[in-house]
Amino acid sequence: MPPARDLGLGAGLLPPGPLNAITDVGGVTVGHHTLHGKELATGVTAILPHQGDLFRRKVRAGIEVINGFGKSVGLMQVAELGTVETPILLTNTFSVAACAETLIRRAIAANPDIGRKTSTVNPLVFECNDGAINDIQAMSVTAADAEAALADARSGEVRQGAVGAGTGMTAFGFKAGIGSASRLMRIEKHDYVLGALVLANFGRAGDLVLPDGRRPNPREAAEPEKGSVIVILSTDLPLGDRQLRRVARRAGAGLARLGAFWGNGSGDIALCFTTADPVAHEPGAAFQPVRQLAEDRIDMPFRAAAEATEEAVLNALCAAPAMTGRTGRQFPALAAWLMEHPLP
């Protein structure tokens, strides 16, 4: 399936990075583990901010709960302390516990003093409900599946669409899943990048608005908005945790451009972390320097967050093939709709 940009659906004004993916940010890797079977279409996606020990060398982060109908784990501590200290896992709603346990055990294996001589660890797991396609009550995802996604993490191109956590996800009545995009930023003669990875499972059928103004309709009866979307943003731009939350908030602008209105039953959450200026678990001095962008220059990452989020969702939709749900409902491929409805 071609990416959205190759179909004339590139979003915004800023240029994309070389891969047009979250992995354009140096050190960031992404892995997937996919489960397929009878009424089984789910999995796990892993995002690693760097390849070292995240518990010992944390990354600064900010979280924005756009609409809080969700069951993610670890958000409270990120909001309070402004750091991420484990890999980030995405999965389905009823698999959060298995993924969180995997992250805790992984951290303890690397740091046996966790919970005894030093602090506990904050696992970070995000979820969406893939029950329209996957039998979510089977609770099929195990710790081994989460480990497999972590082991699969790599740099380079990001597999998108119906893969990993995105295997059973849908959006705007179409098949969706994992999508990624990035934007380049030039600030004070220095080059930076912001990347997005989304787990797209939101939007009412018929509400989708493409960058060219077309409104694809899967011809399914529109139901109340009760999906979810997770947006993970990464950048190498030095930002403080308060600024990172402000950038994360702009992911909502990218979702709104597509026709989303963050309905009552939708869990819409954005996290933004920076690989610049990491935080030591055991700082060597009482006072620590912090590098961050001047506030009057922050509009550039605001724009990058909105544009990368919008295009990442479009890539999730364009990369996903058609799929039949558990009850027989058809979730068509957006790529097929675009071929059937070309621009005049």
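Values below: all heavy atoms of this structure, side chains included; hydrogens, waters and symmetry mates excluded.
Note that SG of Cys272 is 12.0 Å distant from CZ of Arg249, once rounded to the nearest 0.5 Å. Going from atom CG of Leu194 over to atom OG1 of Thr235 covers 4.5 Å, rounded to the nearest 0.5 Å. Separation of atoms CE (Met169) and CG (Asn92) is listed at 6.0 Å; rounding is to 0.5 Å. Atom CH2 of Trp262 and atom CG of Asp268 lie 8.0 Å apart (nearest 0.5 Å). Atoms CD and OG1, from Gln77 and Thr120 in turn, are 6.5 Å apart once rounded to the nearest 0.5 Å. Atoms CG and CG, on Leu239 and Leu244 in that order, are 5.0 Å from each other to the nearest 0.5 Å.
Checked by atom type and distance alone, the side chain of Thr274 pairs as donor or acceptor with a backbone atom of Ala276 at under 3.5 Å. When atom types are taken as modelled, the side chain of Thr102 and the backbone of Ala98 share a donor-acceptor pair closer than 3.5 angstrom. Side chain of Glu64 to backbone of Ile269: no donor-acceptor contact under 3.5 angstrom is found. Panel note: side chain Asn67, backbone Gly267; no donor-acceptor pair is recorded below 3.5 Å. The backbone N or O of Gly82 sits nowhere less than 3.5 Å from a side-chain atom of Asp241 that would complete a donor-acceptor pair. The closest donor-acceptor contact from the side chain of Asn134 to the backbone of Gly131 lies at 3.5 Å or more, if one exists at all. The backbone N or O of Ile22 sits nowhere less than 3.5 Å from a side-chain atom of Ser234 that would complete a donor-acceptor pair. Side chain of Asn315 to main chain of Ala4: a donor-acceptor pair is present (N/O by atom type, distance under 3.5 Å, no hydrogens or angles). Under the 3.5 Å distance criterion, the side-chain polar atoms of Thr309 are matched with a main-chain donor or acceptor of Ala305. Judged by distance alone, the side chain of Thr34 and the main-chain N or O of Gly164 form a donor-acceptor pair under 3.5 Å.
Counting non-hydrogen atoms of neighbouring residues, nucleotides and ligands closer than 6.0 angstrom, the CD atom of Gln137 reaches no more than 12 such neighbours. Under a cut-off of 6.0 angstrom, the local environment of CD in Glu80 is sparse, with at most 12 non-hydrogen atoms contributed by other residues, nucleotides or ligands. Around atom CD of Glu295, more than 12 heavy atoms belonging to other residues, nucleotides or ligands sit under 6.0 Å away. The environment of Arg186 atom CZ is dense: over 12 non-hydrogen atoms of other residues, nucleotides or ligands sit within 6.0 angstrom. More than 12 heavy atoms of other shown residues, nucleotides or ligands fall within 6.0 angstrom of atom CG in Asp6. No more than 12 heavy-atom neighbours from other residues, nucleotides or ligands sit within 6.0 angstrom of CZ on Phe69.
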I'd like to know whether Arg183 forms a side chain to side chain contact (heavy atoms under 4.5 Å, CB included) with Val193, so could you lay out the CA-CA distance, the side-chain angles of the two residues, the decisive distance to 0.1 Å, and finally the verdict. CA-CA 6 Å; Arg183 290 296 181 268; Val193 63; over 6 Å; no
Report the C-alpha separation of Val209 and Leu258 in whole Å, then their side-chain angles, then the decisive distance to 0.1 Å, and conclude whether the side chain to side chain contact (heavy atoms under 4.5 Å, CB included) test is met. CA-CA 5 Å; Val209 182; Leu258 293 163; 5.9 Å; no
Determine, stepwise, if the pair Leu103 / Val125 fulfils side chain to side chain contact (heavy atoms under 4.5 Å, CB included). CA-CA 9 Å; Leu103 291 176; Val125 184; 3.9 Å; yes
Would you please test Thr23 and Glu157 for side-chain hydrogen bond (donor to acceptor under 3.5 Å, both in side chains) and show each step? CA-CA 7 Å; Thr23 46; Glu157 293 187 3; over 6 Å; no
Steps toward side chain to side chain contact (heavy atoms under 4.5 Å, CB included) verdict (Val44, Leu150): CA-CA 9 Å; Val44 183; Leu150 290 161; over 6 Å; no
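Both Val65 and Leu124 are members of a single hydrophobic cluster when ILVMFWY side chains are connected at heavy-atom separations under 4.5 Å. Hydrophobic clustering (side-chain heavy atoms under 4.5 Å, transitive across Ile, Leu, Val, Met, Phe, Trp, Tyr) keeps Val231 apart from Val30. The same ILVMFWY cluster, assembled from side-chain heavy atoms under 4.5 Å apart, contains both Met300 and Leu293. Linking ILVMFWY side-chain heavy atoms closer than 4.5 Å, directly or via other members, places Val313 and Phe331 in two distinct hydrophobic clusters. Leu40 and Ile136 are assigned to two separate hydrophobic clusters, defined by single-linkage of ILVMFWY side chains at heavy-atom distances under 4.5 Å.
Of the charged side-chain nitrogens involved, none lies within less than 4.0 Å of a carboxylate oxygen, so that Arg250 and Glu307 do not count as a salt-bridged pair. For the pair Arg326 and Asp135, the salt-bridge criterion is not met [side-chain N within less than 4.0 Å of a carboxylate O]. A salt bridge does not link Asp207 to Arg257: none of the charged side-chain nitrogens sits closer than 4.0 Å to a carboxylate oxygen. Note on Arg159 versus Asp152: salt bridge recorded, some NZ/NE/NH1/NH2 to OD/OE distance being below 4.0 Å.
You'll find the side chain of Pro87 reaches within 4.5 Å of the side chain of Arg106, heavy atoms only. Looking at Thr83 and Val59, their side chains never come closer than 4.5 Å, going by heavy atoms from C-beta outward. Counting heavy atoms from C-beta on, the side chains of His32 and Val158 come closer than 4.5 Å. Using a 4.5 Å heavy-atom cutoff, the side chains of Leu89 and Thr45 are not in contact. Residues Leu271 and Ile88 form a side-chain contact, since some pair of their non-hydrogen atoms from C-beta on lies under 4.5 Å apart. By the 4.5 Å heavy-atom criterion applied to side chains, Ile114 and Ser119 are not counted as neighbours. Residues Leu35 and Thr167 form no side-chain contact, since every pair of their non-hydrogen atoms from C-beta on lies 4.5 Å or further apart. Side-chain contact between Val28 and Phe273 is present, with heavy atoms from C-beta onward closer than 4.5 Å.
Under the 3.5 Å distance criterion, with hydrogens and angles disregarded, a donor-acceptor pair is assigned to the side chains of Thr93 and Glu127. Using modelled atom types, one finds a donor on one side chain and an acceptor on the other under 3.5 Å when comparing Arg56 with Asn111. With 3.5 Å as the limit, one finds a donor-acceptor pair spanning the side chains of Asp130 and Thr42. Residues Glu311 and Asn20 bring a donor and an acceptor atom of their side chains to less than 3.5 Å of each other.
Aromatic ring pairs are classed by plane angle as parallel below 30°, tilted from 30° to 60° and perpendicular above 60°; the pair His341 and Trp337 is parallel. Ring planes of His281 and Phe55: tilted class, angle from 30 to 60°.
Between Ser180 and Ala21, the shortest heavy-atom distance links the atoms OG-CA, 3.4 Å.
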